[in-house]
Amino acid sequence: MCGIVGFIGKRQAAPILLDGLSKLEYRGYDSAGLAVRDGEELAQVVKAKGRLSNLIEKTDGGKALKGTCGIGHTRWATHGEPSQTNAHPHVSGNCTRSGSGTVESEVVGVHNGIIENYTELKEKLLKHGYTFYSQTDTEVVIKLVDYYYKKYNLGPIDAIAKTMVRVRGSYALELMFRDYPGEIWVARKDSPMIIGIADGETYVASDVPAILKYTRNVYYIGNLEFARLVPGEAHFYDLNGDEIEKQTTEIKWDAEAAEKGGFEHFMMKEIHEQPKAVQDTLNSVIKDGAIDLSSVEITEDEIKNFEQIYIVACGSAWHVGMAAQYVLEDIVDIPVRVELASEFRYRKMPLNQKALVIVVSQSGETADTLAALRLAKEKGIITMAIVNVVGSSIAREADKVFYTLAGPEISVATTKAYSAQLAAMYCLAVQFAKVRGKITEEQYSYYISELLTLPEKMQKALEDKERIQWFAAKYANSHDVFFVGRGIDYAVGLEGSLKLKEISYIHSEAYAAGELKHGTISLIEQGTLVIGVLTQNELYEKTISNMLECKSRGAYLMGLTTYGKYEIEDQVNFTVYVPKMDEHFIGSLAVIPLQLLGYYVSVAKGLDVDKPRNLAKSVTVE
Ligand code: F6R
């Protein structure tokens, strides 16, 4: 949701904090703020509503704030409207209405996450004489730390531990105590946070890109752990206040990969990185013409014994599950259920104990997906994560991990992570089918050789950009768009529809083509755009006939099919082709023109492609 950064070292903190925040702006962009301390001096707090550029301007690129120790925040509002007052940092004592200025408070802090019991805690603190300036849950947690700090007078370790025991919810919390200059204190539960160390300096961030330029050596702070940070060192504690030993991990991501590299937007860059993301993901398990899942740590015996697969995820990752279910059911011949994580976690459904639960997540921090994973583990079911971010909560907690090698994904709308997740699913499907004796050696080799053609064919699918750009400009003012398809094509339509609506703000829906006439077709009027995905030969006639029903009611038809199916030209108004390949895997090609369509419509409307309104990259709250 929000992004946090911290720095303590020899250099001026503010420019480093602002630079880190610029890499995290995808996590929240309705306001931002910094608190910086110069030695024993009191902290200076500056906040600004709106994009980070406002804060940069207000602080003269950071030059207005002196000091080598500081914390920063970019906000995506959950409690309280986007405003300067609600922006972080928040302080424990009295402050100006806007919260900016020199701070005499005992504690100043920033927070990413949600404190669920903040109302109850606020009431308690009000009774103890605290005044609240913002509507945020964060101000409550900062004041609670202050309350314990003063009440027991036992120092930050005790105050933070007591606060962590008392609050419910999720947090990545950064604090500075007036009496402890040159120190930053951090605490974490269910919200991402990493701590980087280099050359006698220490960094904190919600995500890797913010610190990659400075260091690759990071500590992962565990759930319900907290730490004291001083220049070049981090000391970790558990809830009892006992020190915990930790080792740093080296991040392999390339700093270049987190920059725009000549593209106008991260989304376009990431669309173009898909062939590589898929290739790298395939190469991580395909060796000498066979799939080797040893890195995932799943055994052949386990694969043979599964009676059911549940795929659990949110948003686009759920769409990956929707597409993968058709592949798994067809070639592995195993029952598959695809569940929205937010539903799965509260549903009281009987779960097959001999199942495999596959959770899919780019960030590895999505709150609902993480909760679904924990639920499955609690029930004693084997879990596997298909995840992109190394060391993320989901990666750490799942029994088995299949890493997608998509690299850092910055644009809020996912593209390359989606494609890499799908590639991972295909590998699982083919290997499961082989191990369970559902396909012959010849079929196995055929599927693998087809998979290996994917990157090149994705590259080809990217070549038709200009026509899609032209078409996008023509339909940029649409009010409603419908995507239809059957089977895998339906799943691709779901993703195409989400891409369009989330970045272009055009209402769109995806339908299983046969369902249209059960109600939705009444929405079709003169000029309504209906996009049909038609890559599955067996289902082509059926879907085309559903599309023609719309055309006869005034719809304008776009057909997305494979080269060679040229008869479509007589049936629809505009056609887009993708290369032919085995139909199980073709969704990976068909999605590309739809990603491009969403992108170009957003650009044509002059919208902020990479940071669509109301959205954040990593959804660490329910
Ligand atoms: C849409 C999008 C979201 C994510 C969803 C899950 O473009 O990116 O729908 O797919 O929020 O996020 P992860 O994969 O991080 O669990």
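Each ligand, and each atom within it, is numbered from 1 in the order the structure gives.
- Between atom 6 (C) of ligand 1 and the options Ala317, Gly315, Cys314, the minimum heavy-atom separation is to Cys314.
- Remark: side-chain polar atoms of Glu25 are paired, donor with acceptor, to backbone N or O of Leu52 under 3.5 angstrom.
- Residue-ligand proximity: Lys499 is placed with a non-hydrogen atom under 4.0 Å from ligand 1.
- Using a 4.5 Å heavy-atom cutoff, the side chains of Leu560 and Leu534 are not in contact.
- Counting only heavy atoms from C-beta outward, the side chains of Leu17 and Ile71 never approach each other to under 4.5 Å.
- Taking the six-membered ring for Trp, Tyr426 and His584 have ring centres at least 6.0 Å apart.
- Note: His73 and His88 have parallel aromatic rings, judged against thresholds of 30 and 60 degrees for the angle between ring planes.
- Thr366 OG1, 3.4 Å is the protein heavy atom nearest to atom 12 (O) of ligand 1.
- For ligand 1, the atoms closer than 4.0 angstrom to any heavy atom of Gln362 are 13 (P), 14 (O), 15 (O), 16 (O).
- Taking a cutoff of 4.0 Å between a charged side-chain nitrogen and a carboxylate oxygen, Lys501 and Glu509 do not qualify as a salt bridge.
- Considering backbone and side-chain atoms together, Ser316 places an N or O closer than 3.5 Å to an N or O of ligand 1.
- The ligand atoms of ligand 1 that sit less than 4.0 angstrom from a heavy atom of Ser363 are 13 (P), 15 (O), 16 (O).
- Aromatic ring pairs are classed by plane angle as parallel below 30°, tilted from 30° to 60° and perpendicular above 60°; the pair Phe574 and Trp470 is tilted.
- Residue-level proximity to ligand 1 for Asn388 is absent, since no heavy atom of it falls below 4.0 angstrom.
- For ligand 1, the atoms closer than 4.0 angstrom to any heavy atom of Ser361 are 13 (P), 14 (O), 15 (O), 16 (O).
- Among protein heavy atoms, the minimum distance from atom 11 (O) of ligand 1 is reached at Val619 CG2, 4.1 Å.
- The Glu502 neighbourhood of ligand 1 comprises atoms 1 (C), 7 (O), with distances under 4.0 Å to a heavy atom of that residue.
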